Amino acid sequence: MPTSSASTTDSARSSANGGVQSLERAFDLLERMADAGGEVGLSELSASSGLPLPTIHRLMRTLVACGYVRQQPNRRYALGPRLIRLGESASRLLGTWARPYLARLVEETGETANMALLDGDEIVYVAQVPSKHSMRMFTEVGRRVLPHSTGVGKALLAGFPPEEVRALLNRTGMPAATEKTITTPDGFLAALEDVRRQGYAIDDNEQEIGVRCLAVSVPDSPTAAAISISGPAGRVTEAATEKIVPVLQQVAGELSEALATQNPA
């Protein structure tokens, strides 16, 4: 990839798809930082991106000045606090975009539909469409829970390497919400194997006694996301599961396609 010259700067150069090259590079660096855990050195960014150090240094200086990156005392760079506000706003919009799909889930299954994201080590519910049945549900928009006791948590973590899951469980602990909550890393990893084999996750009275939840991840979501239905164990039976899961999977696929085209080129 060519670097800037005296007559053509990064900010003026257009990329092949008509965008501004410097912006594309800056966002690429931010995503690489996120993939690396949020903190990296310039040499690491240069090696992974293929950009020369002077170009990366110039872009990082701009991101630091804007507050989207901060330089640590050890001279490494970390994601900055201004990204939090952007992320929170984007999460709210993600929930808004998902609501029509959740409404369809409610219409076809009769149960409450939810959307949740993995935010750090926690699950946060960002959208919900309640069932027409009157029943007080544990889940509500904005609520944060640990992933080991939820169907959406299992659906999301099933895509992570086992060592990363163990590290997360070690950080959060595995407190029991009910007597059916999985409270050992080995037990939870075995449950994730079931999720990968079946293509969906189950919370069987593990977060709230009397409530079962079925969940699937949203493929290729811009951030780790899952959708679920929750209802009384007497309605979300094994027989109901066979009918509900295909609907969940279809809606998750359609939501994935919709999110991919929110900003068409």
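Keep in mind that this is a model prediction, so the values were computed, not measured.
For His57 (side chain) and Pro52 (main-chain N/O), no donor-acceptor pair under 3.5 Å exists by modelled atom type. A donor-acceptor pair is defined here as one N or O able to donate and one able to accept, closer than 3.5 Å; no such pair exists between the side chain of Glu254 and the backbone of Tyr101. Although no hydrogens or angles enter the test, the distance criterion places a donor-acceptor pair under 3.5 Å between the side chain of Ser131 and the main chain of Gly110. Counting only distance, with no hydrogens or angles, the side chain of Thr172 and the backbone of Leu168 share a donor-acceptor pair below 3.5 Å. Remark: side-chain polar atoms of Lys154 are not paired, donor with acceptor, to backbone N or O of Ala191 under 3.5 angstrom. Between the side chain of Arg171 and the main chain of Asp121, no donor-acceptor pair closer than 3.5 Å is present. Although no hydrogens or angles enter the test, the distance criterion places a donor-acceptor pair under 3.5 Å between the side chain of Thr178 and the main chain of Lys180. Of the possible polar contacts, none joining the Ser221 side chain to the Val218 backbone as a donor-acceptor pair under 3.5 Å is found. Between the side chain of Arg196 and the backbone N or O of Ala158, at least one donor-acceptor pair lies under 3.5 Å. Judged by distance alone, with hydrogens and angles left aside, the side-chain atoms of Thr237 form a donor-acceptor pair with the main-chain N or O of Ala240 at under 3.5 Å.
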Practice problem: Take Val216 and Gln249 through the side-chain contact (heavy atoms from CB on, under 4.5 Å) test and state the conclusion after the steps. | Solution: CA-CA 7 Å; Val216 299; Gln249 292 170 331; 4.0 Å; yes
Quiz item: Does the pair Asp203 and Ser149 meet the rule for a side chain to side chain donor-acceptor pair (under 3.5 Å), with working shown?
Solution: CA-CA 7 Å; Asp203 158 13; Ser149 58; over 6 Å; no
Exercise. Take Ile209 and Glu179, measure what side-chain contact (heavy atoms from CB on, under 4.5 Å) needs, and give me the verdict at the end.
Key: CA-CA 9 Å; Ile209 290 296; Glu179 71 254 18; 4.0 Å; yes
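Across all their heavy atoms, Tyr125 and Thr150 have their closest contact at OH-CG2, 3.9 Å. Among all heavy-atom pairs drawn from Leu53 and Ser46, the shortest one is CD2-CB, 3.9 Å. For the pair Leu156 and Ala224, the tightest heavy-atom approach, listed with the atom from each and the gap, is CD2-C, 3.5 Å. Closest of all the heavy-atom pairs between Ala103 and Val129 is N-CG2, 3.9 Å. Closest approach of Ala252 and Ser217 over heavy atoms only: CB-O, 3.7 Å. Minimum interatomic distance between Ala201 and Ala155 (heavy atoms only, all atoms of both residues): CB-N, 3.7 Å.
Counting only N and O atoms by type, the side chains of Asp28 and Ser49 include no donor and acceptor under 3.5 Å apart. Counted by atom type alone, Asp220 and Ser256 present zero donor-acceptor pairs between their side chains at under 3.5 Å.
Under the 4.5 Å side-chain criterion, counting only non-hydrogen atoms from C-beta, Asn114 is not in contact with Ile227. When side chains are defined from C-beta on, Glu39 counts as touching Gln72, because their heavy atoms get closer than 4.5 Å. In this structure, the side chains of Leu29 and Leu59 come closer than 4.5 Å at one or more pairs of heavy atoms. Here the side chains of Ile182 and His148 are not in contact, with every heavy-atom distance at 4.5 Å or above. In this structure, Pro185 and Met174 have side chains that are in contact, with non-hydrogen atoms separated by less than 4.5 Å. Side chains of Leu146 and Ile123 form no contact here, defined as non-hydrogen atoms less than 4.5 Å apart. The shortest side-chain heavy-atom distance between Arg25 and Ile56 does not fall under the 4.5 Å cut-off.
A chain of hydrophobic side-chain contacts below 4.5 Å, direct or via other Ile, Leu, Val, Met, Phe, Trp or Tyr residues, connects Phe27 to Leu42. Note on Leu105 and Ile202: same hydrophobic cluster, where clusters join Ile, Leu, Val, Met, Phe, Trp and Tyr whose side-chain heavy atoms are under 4.5 Å apart, directly or indirectly. Following chains of ILVMFWY side-chain contacts shorter than 4.5 Å, one can reach Val251 starting from Ile244, so the two form part of one hydrophobic cluster. Linking Ile, Leu, Val, Met, Phe, Trp and Tyr residues whenever their side-chain heavy atoms come within less than 4.5 Å places Val247 and Val245 in a single cluster. Taken together through direct or relayed side-chain contacts under 4.5 Å among Ile, Leu, Val, Met, Phe, Trp and Tyr, Val211 and Val141 form parts of separate hydrophobic clusters.
Salt bridge annotation for Glu44-Arg32: absent, with no cationic side-chain nitrogen under 4.0 angstrom from a carboxylate oxygen. Residues Arg144 and Asp119 are paired through a salt bridge, judged by an N-O separation under 4.0 Å between the basic side chain and the carboxylate. Remark: Arg104 engages Glu108 in a salt bridge, criterion side-chain N to carboxylate O under 4.0 Å.
The line from CZ of Arg76 to CD of Gln71 is 11.5 Å long, rounded to the nearest 0.5 Å. Distance NZ/Lys243 to CG/Leu248: 15.0 Å, rounded to 0.5 Å. Atom OG1 of residue Thr223 and atom CG of residue Leu118 lie 7.5 Å apart, to the nearest 0.5 angstrom. With rounding to the nearest 0.5 Å, the separation of CG in Asp194 from OH in Tyr200 is 9.5 Å. To the nearest 0.5 Å, the span separating CZ on Phe188 from CG on Leu157 amounts to 5.0 Å.
The only option from Glu238, Glu111, Glu206 that meets the salt bridge (charged side-chain N to carboxylate O under 4.0 Å, His left out) definition with Arg212 turns out to be Glu238.
Within 6.0 Å of the CZ atom in Arg75, the count of heavy atoms belonging to other residues, nucleotides or ligands does not exceed 12. Residue Glu31 qualifies as open at atom CD: its count of foreign heavy atoms under 6.0 Å is 12 or below. Other residues, nucleotides and ligands contribute over 12 non-hydrogen atoms within 6.0 Å of the CD atom of Gln198.
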With a 3.5 Å cut-off and sequence neighbours excluded, list the donor-acceptor pairs that the side chains of residues 61-70 form with protein atoms.
unit_1, atom_1, unit_2, atom_2, d
Thr62, OG1, Arg58, O, 3.2

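For Arg166, the side chain to side chain donor-acceptor pair (under 3.5 Å) partners are Asp186, not counting sequence neighbours.
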